[in-house]
Amino acid sequence: MTDKLGKTQDTPPESSVPMVRAQGVHKSFGHVEVLKGIDLEVKPGEVFCLIGPSGSGKSTFLRCINHLEKINAGRLYVDGELVGYRQRGDRLYELKDGEVARKRRDIGMVFQRFNLFPHMTALENVMEAPVQVKGVSKAQARERAVQLLERVGLADRAGYYPSQLSGGQQQRVAIARALAMDPKLMLFDEPTSALDPELVGDVLDVMRDLARSGMTMVVVTHEMGFAREVGDSLVFMDEGVVVESGHPRDVLTNPRHERTQSFLSKVL
């Protein structure tokens, strides 16, 4: 069975482990509480979209998933394992930086800004992490990088430096770079927000291709059309809490909560 994107739907059993599970997640910066008890689950193979106004906590939550930010309370799991901690009995013990880094290899993240190494070509940017972090040979990394650049439509730009690429092309290189680590989860933090409007489509096409392949994705986005077309689940956040959740078409077409209605009336 396939869905609207042609994505194979081998629906996991209800007992299967969620790829992401948040239980009462809180996060504060000083006296400012940014996340106020987030509870949600992302299934394996799901495209999970987060929407909401600026300052609602979406990007902070995304950064907590791969422990770029430490949560202050609650539990956060990726593929059944606690993020950033190990539990023994009733006590939590924070993992050492090396252990956190090893677990982070399984999570790809694409930021608003592309963060490419300016002194490296597109090919070298994609090769870097597998060679330096995973110890992959340069020959293997190069072969894989060429395949990934082809996948994102940039095979003819392999030898270009970031300054020679458009914003959309740089973001597609950034996606290829994240994929080079063979992650089981991809996080996208408003990946098109820094792009000129005419460059957005190419990046979204790459993300659609990832969805078709069954990649588990958590996407913070303002692209409501993408969320409606590609998303399997959608959460509307505001002021650090989940206000409303459901299937994207249901939430976007018939929002139940007044705050969701107000937000969507301004962006749709």
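This chain uses plain numbering: 1 for the first residue, then up along the sequence. Since we're looking at a predicted model, the values are computed, not measured.
Using a 4.5 Å cut-off on side-chain heavy atoms (C-beta onward), Arg259 and Pro53 make contact. No side-chain heavy atom of Leu35 sits less than 4.5 Å from a side-chain heavy atom of Ile71. A 4.5 Å side-chain heavy-atom check between Val203 and Val206 finds every atom pair outside the cut-off. Looking at heavy atoms from C-beta onward, Leu92 lies in side-chain contact with Leu82 at the 4.5 angstrom threshold. Counting heavy atoms from C-beta outward, Val173 and Val126 have side chains that approach closer than 4.5 Å. At least one side-chain heavy atom of Pro162 sits less than 4.5 Å from a side-chain heavy atom of Asn125. Under the 4.5 Å side-chain criterion, counting only non-hydrogen atoms from C-beta, Glu229 is in contact with Arg208. Contact check for Val243 versus Val235: no side-chain heavy atoms found under the 4.5 Å cut-off.
For Thr60 and Glu69, the side-chain atoms include no donor-acceptor pair closer than 3.5 Å.
The shortest non-hydrogen separation linking Arg177 to Leu116 is NH1-CA, 3.6 Å. When all heavy atoms are compared, the tightest approach of Val17 to Pro44 is O-CG, 3.5 Å. What you find for Thr216 and Lys43 is that their closest heavy atoms are CG2-O, 3.6 Å. Between Gly168 and Leu195, the shortest heavy-atom distance links the atoms N-CD2, 3.6 Å.
Salt-bridge annotation for Glu33 and Lys27: absent, with no side-chain N of the basic residue lying under 4.0 Å from a carboxylate O of the acidic one. Look at Asp182 and Arg144 and you find a salt bridge, because one of the NZ, NE, NH1 or NH2 atoms lies within 4.0 Å of a carboxylate O, short of that distance. Comment: Arg86 engages Glu99 in a salt bridge, judged by a side-chain N to carboxylate O separation of less than 4.0 angstrom.
With hydrogens and angles disregarded, no donor-acceptor distance shorter than 3.5 Å links the side chain of Ser262 to the backbone of Glu258. Within the 3.5 Å criterion, the main-chain N or O of Arg256 finds a donor-acceptor partner in the side chain of Glu244. For the pair Glu143 (side chain) and Gln140 (backbone), a donor-acceptor distance under 3.5 Å is absent. Side-chain N or O atoms of Asp39 include one that pairs as donor or acceptor with a backbone N or O of Gly24 at under 3.5 Å. Although no hydrogens or angles enter the test, the distance criterion places no donor-acceptor pair under 3.5 Å between the side chain of Ser28 and the main chain of Gly30. Between the side chain of Glu41 and the main chain of Pro18, no donor-acceptor pair closer than 3.5 Å is present.
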Salt bridge (charged side-chain N to carboxylate O under 4.0 Å, His left out) between Glu94 and Lys70, worked out: CA-CA 10 Å; Glu94 188 167 359; Lys70 299 178 183 179; 2.7 Å; yes
Criterion side chain to side chain donor-acceptor pair (under 3.5 Å) on Asp189 and Ser59, from CA distance to verdict: CA-CA 6 Å; Asp189 187 7; Ser59 295; 2.6 Å; yes
Arg88 vs Tyr93, side chain to side chain contact (heavy atoms under 4.5 Å, CB included): CA-CA, chis, key distance, verdict: CA-CA 8 Å; Arg88 292 177 185 161; Tyr93 297 87; 3.7 Å; yes
Residues Met207, Val219; criterion side chain to side chain contact (heavy atoms under 4.5 Å, CB included); working and verdict: CA-CA 10 Å; Met207 294 172 66; Val219 185; 3.8 Å; yes
From CA spacing to verdict: side chain to side chain contact (heavy atoms under 4.5 Å, CB included), Val100, Lys96: CA-CA 6 Å; Val100 171; Lys96 295 180 180 179; over 6 Å; no
Please tabulate, for side-chain N and O atoms in residues 103-112, each donor-acceptor pair with protein atoms closer than 3.5 Å (sequence neighbours left out).
from: Lys103; atom 1: NZ; to: Glu81; atom 2: OE1; distance (Å): 2.4
from: Arg104; atom 1: NE; to: Asn66; atom 2: O; distance (Å): 2.8
from: Arg104; atom 1: NH2; to: Asn66; atom 2: O; distance (Å): 3.3
from: Arg104; atom 1: NH2; to: His67; atom 2: O; distance (Å): 3.1
from: Gln112; atom 1: OE1; to: Ser193; atom 2: OG; distance (Å): 3.4

Please list, one pair per line, the donor and acceptor atoms closer than 3.5 Å that link side chains of residues 147-161 to other protein atoms, with sequence neighbours excluded.
from: Arg151; atom 1: NE; to: Asp209; atom 2: OD2; distance (Å): 2.9
from: Arg151; atom 1: NH2; to: Asp209; atom 2: OD2; distance (Å): 3.4
from: Arg151; atom 1: NH2; to: Ser213; atom 2: OG; distance (Å): 3.4

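When the shell of 6.0 Å around CD of Glu124 is examined, it contains more than 12 heavy atoms from other residues, nucleotides or ligands.
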